[in-house]
A.B. asks: 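First the structure, which I've put down as structure tokens, then a few questions once you've had a look.
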Amino acid sequence: MAKPVSIEVWNPNGKYRVVSTKPMPGTRWINLLIQQDCRVEICTQKKTILSVEDIIALIGDKCDGVIGQLTEDWGEELFSALSRAGGKAFSNMAVGYNNVDVNAANKYGVAVGNTPGVLTETTAELAASLSLAAARRIVEADEFMRAGLYDGWLPHLFVGNLLKGQTVGVIGAGRIGSAYARMMVEGFKMNLIYYDLYQSTRLEKFVTAYGEFLKANGEKPVTWKRAASMEEVLVEADVISLHPVLDKTTYHLVNKESLSKMKKEAILINCSRGPVVDEVALVEHLRENPMFRVGLDVFEDEPYMKPGLAEMKNAIVVPHIASASKWTREGMATLAALNVLGKIKGYPVWSDPNKVEPFLNENAPPPAASPSIVNAKALSLPVSKL
Ligand SMILES: NC(=O)c1ccc[n+]([C@@H]2O[C@H](COP(=O)([O-])OP(=O)(O)OC[C@H]3O[C@@H](n4cnc5c(N)ncnc54)[C@H](O)[C@@H]3O)[C@@H](O)[C@H]2O)c1
Ligand SMILES: O=C(O)[C@H](O)CO
């Protein structure tokens, strides 16, 4: 059994025991729990990734709900431990929940929450930042300056790609993929090609309307196309950004074969999940194609990078910070806490997890509902009529 982990306790006499496996930004989430009679225990252990054993020790004998992180392995062992401790609620502080075995949660009747919506624009902004940084070789140029190598303007110095008029390809045009597409189309007048299992009518309408606006102002209109296959996107796009969920269908979606279909000077961005890209194949491709560039926020064996990636000048790598704006991270903490609280209090589940704004208004009490429970249907949880 793991040693007892260090914790910080708020409202020690609270009726319901809620554990957070990490300190989370802001204090609103703590206050909302305390106001509803929760004792809040926050793990303060100086270890970035907690093991299953650490979390079992945190859950202890009596625990009503846990707020956890995407680095943790929430499967049979943890859900059975939580259930033994009387717990009926778990929320990831993340929208992606590929670290959670939802079937195991269903088996123990544990509601699983996630945090959609509040991170859409922040994550899309990082994908856009990586796209620009890769197109204009900003990191390479910054390193060059700091190394004292700049000795005067040259016609060939750090020549990159112009985005205007090029084609942006989006794979997975859900909340984040669509927000990214809008930024790139409107901000840089790029044409759009996207691939998703579902049609994104709103996105298509947006690009059509923006194209008409440009035309009315005497400019070349932007265009959109829904690709019938992912291959079309790979072949046609100059910048490709990945935004699908990670599941069996998207594991290694980008591999040796798909990389070989992309343009030699294409840019690939991944702000979804590391295993969507075969990172070994990517390193090889970067090595063989120096004008191909990549911007990565996520890695196949996070927190590690595959051998060779760190040495590639045509790769920009950042440590899974796509949702890292203060407003978003505080909002994620709030949504995660309210998911757990809602189940503990027997509240219904919010009807539209894409519209979570009422939970984020700091000047009003949140609705009496869990903002987003991914297994609500499987557990037959009631849906809010608010
Ligand atoms: N890097 C980060 O910090 C960060 C931040 C937020 C989200 N994410 C990741 O981004 C993902 C997407 O988030 P979202 O809120 O946009 O989710 P979403 O559910 O709104 O969008 C995901 C889209 O992927 C599509 N999709 C699923 N399988 C596909 C396939 N095989 N091919 C093509 N498209 C497919 C879905 O139809 C959906 O439209 C999350 O699941 C998470 O893993 C990462
Ligand atoms: O899925 C998520 O929410 C991210 O990876 C972290 O914000």
Side-chain angles (χ1 to χ4, degrees), residues 22 24-25 67-72 74 91-100 102 112-130 169-183 193-204 226-234 240-255 258 269-277 295-300 302-303 316-336 339 352-356 371-372 374:
K22 286 280 165 214
M24 298 190 294
I67 302 164
Q69 300 296 325
L70 60 87
T71 47
E72 299 156 6
W74 278 85
S91 183
N92 237 16
M93 184 209 168
V95 67
Y97 53 94
N98 51 286
N99 61 312
V100 181
V102 180
V112 173
N114 71 340
T115 62
V118 67
L119 40 65
T120 300
E121 301 294 325
T122 299
T123 304
E125 283 180 13
L126 190 90
S129 309
L130 289 174
V170 172
I171 295 173
R175 287 175 290 246
I176 299 168
S178 292
Y180 167 83
R182 288 195 303 271
M183 286 175 195
I193 178 165
Y194 78 93
Y195 175 69
D196 197 296
L197 310 179
Y198 303 96
Q199 183 174 14
S200 184
T201 317
R202 278 183 70 191
L203 178 58
E204 292 172 2
R226 181 180 176 204
S229 68
M230 189 180 85
E231 190 179 341
E232 265 183 70
V233 178
L234 300 175
I240 297 170
S241 197
L242 307 171
H243 297 284
V245 296
L246 171 62
D247 62 15
K248 281 187 210 129
T249 69
T250 60
Y251 175 79
H252 281 192
L253 199 62
V254 173
N255 52 31
S258 33
I269 304 298
N270 189 9
C271 288
S272 60
R273 283 288 182 269
V276 172
V277 176
L296 302 174
D297 180 52
V298 287
F299 304 88
E300 193 169 351
E302 220 165 298
I316 298 171
V317 289
V318 294
H320 205 147
I321 54 168
S323 67
S325 74
K326 183 173 181 287
W327 181 81
T328 287
R329 287 284 167 88
E330 289 184 4
M332 289 164 75
T334 296
L335 295 182
N339 280 332
D352 188 350
N354 293 315
K355 295 201 173 115
V356 292
S372 178
V374 303

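Both counts, for ligands and for their atoms, begin at 1 and track the order of listing.
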A.B. asks: Applying a heavy-atom cut-off of 4.0 Å, say which part of Leu119 lies close to ligand 2: side chain, backbone, both or neither.
C.D. replies: side chain

A.B. asks: Looking at ligand 2, does any of its N/O atoms fall within less than 3.5 Å of an N/O of Thr115?
C.D. replies: no

A.B. asks: Can you list the atoms of ligand 2 that are under 4.0 Å from a heavy atom of Leu70?
C.D. replies: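 Here the atoms of ligand 2 in question are 4 (C), 5 (O), 6 (C).
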
A.B. asks: Side chain or backbone of Asn114 under 4.0 Å from ligand 2, or both, or neither, by non-hydrogen atoms?
C.D. replies: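 Neither part.
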
A.B. asks: May I ask you to decide if Arg273's main-chain N or O and Asn270's side chain share a donor-acceptor pair within less than 3.5 Å?
C.D. replies: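 Between the backbone of Arg273 and the side chain of Asn270 there is a qualifying donor-acceptor contact (under 3.5 Å).
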
A.B. asks: Can an N or O of Thr249 be found at a distance shorter than 3.5 Å from an N or O of ligand 1?
C.D. replies: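 There is such a contact, yes.
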
A.B. asks: Is it the side chain (CB and beyond), the backbone, both or neither of Val95 that lies under 4.0 Å from ligand 1, heavy atoms counted?
C.D. replies: side chain

A.B. asks: Would you mind checking which non-hydrogen protein atom is closest to atom 11 (C) of ligand 1, with the distance to 0.1 Å?
C.D. replies: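 Its nearest protein heavy-atom neighbour is Pro244 O, 3.6 Å.
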
A.B. asks: Output yes when the distance from some N or O of ligand 2 to some N or O of His320 is under 3.5 Å, and no in every other case.
C.D. replies: yes

A.B. asks: Just need the protein heavy atom nearest to atom 7 (O) of ligand 2, so name the residue and atom and give the distance.
C.D. replies: Ser323 OG, 2.6 Å

A.B. asks: Could you check atom 44 (C) of ligand 1 against the protein and tell me its nearest heavy-atom contact, residue, atom and distance included?
C.D. replies: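 Looking only at protein heavy atoms, the one closest to atom 44 (C) of ligand 1 is Cys271 O, 3.1 Å.
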
A.B. asks: Starting from atom 13 (O) of ligand 1, find the nearest protein heavy-atom neighbour and note its residue, name and distance.
C.D. replies: Ile176 CD1, 3.4 Å

A.B. asks: Looking only at heavy atoms of Met93, does any of them come nearer than 4.0 Å to an atom of ligand 2?
C.D. replies: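 Checking ligand 2 against Met93, which is what was asked, there is no heavy-atom contact under 4.0 Å.
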
A.B. asks: Among all protein heavy atoms, pick the one closest to atom 19 (O) of ligand 1 and tell me residue, atom and distance.
C.D. replies: Arg175 NH2, 3.8 Å

A.B. asks: Which of the atoms of ligand 2 are close to Ala94, meaning less than 4.0 Å from one of its heavy atoms?
C.D. replies: 1 (O), 2 (C), 3 (O)

A.B. asks: Please write down residue, atom name and distance for the protein heavy atom closest to atom 28 (N) of ligand 1.
C.D. replies: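 Protein heavy atom at minimum distance: Leu197 CD1, 3.6 Å.
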
A.B. asks: So if I count the atoms of ligand 2 from 1 in the order they appear, which ones are less than 4.0 Å from some heavy atom of Gly96?
C.D. replies: 1 (O), 2 (C), 3 (O)

A.B. asks: Please round to the nearest 0.5 Å and tell me the distance separating atom CZ of Arg226 and atom CG of Asp196.
C.D. replies: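 Result: 7.0 Å between the selected atoms.
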
A.B. asks: How long is the straight-line distance from CD of Glu302 back to CG of Leu70, given to the nearest 0.5 Å?
C.D. replies: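 Answer rounded to 0.5 Å: 7.5 Å.
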
A.B. asks: Specify the protein heavy atom at minimum distance from atom 25 (C) of ligand 1: its residue, its atom name, and the distance to 0.1 Å.
C.D. replies: Asp196 OD2, 3.3 Å

A.B. asks: Between Arg329 and ligand 2, is there a nitrogen or oxygen pair with a distance under 3.5 Å?
C.D. replies: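 It does not: no N or O of Arg329 is found under 3.5 Å from an N or O of ligand 2.
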
A.B. asks: Can you find a heavy atom in the side chain of Thr115 that is under 4.5 Å from one in the side chain of Ser372?
C.D. replies: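 Contact flag for Thr115/Ser372 side chains = no.
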
A.B. asks: Would you mind checking which non-hydrogen protein atom is closest to atom 3 (O) of ligand 1, with the distance to 0.1 Å?
C.D. replies: His320 CD2, 3.1 Å

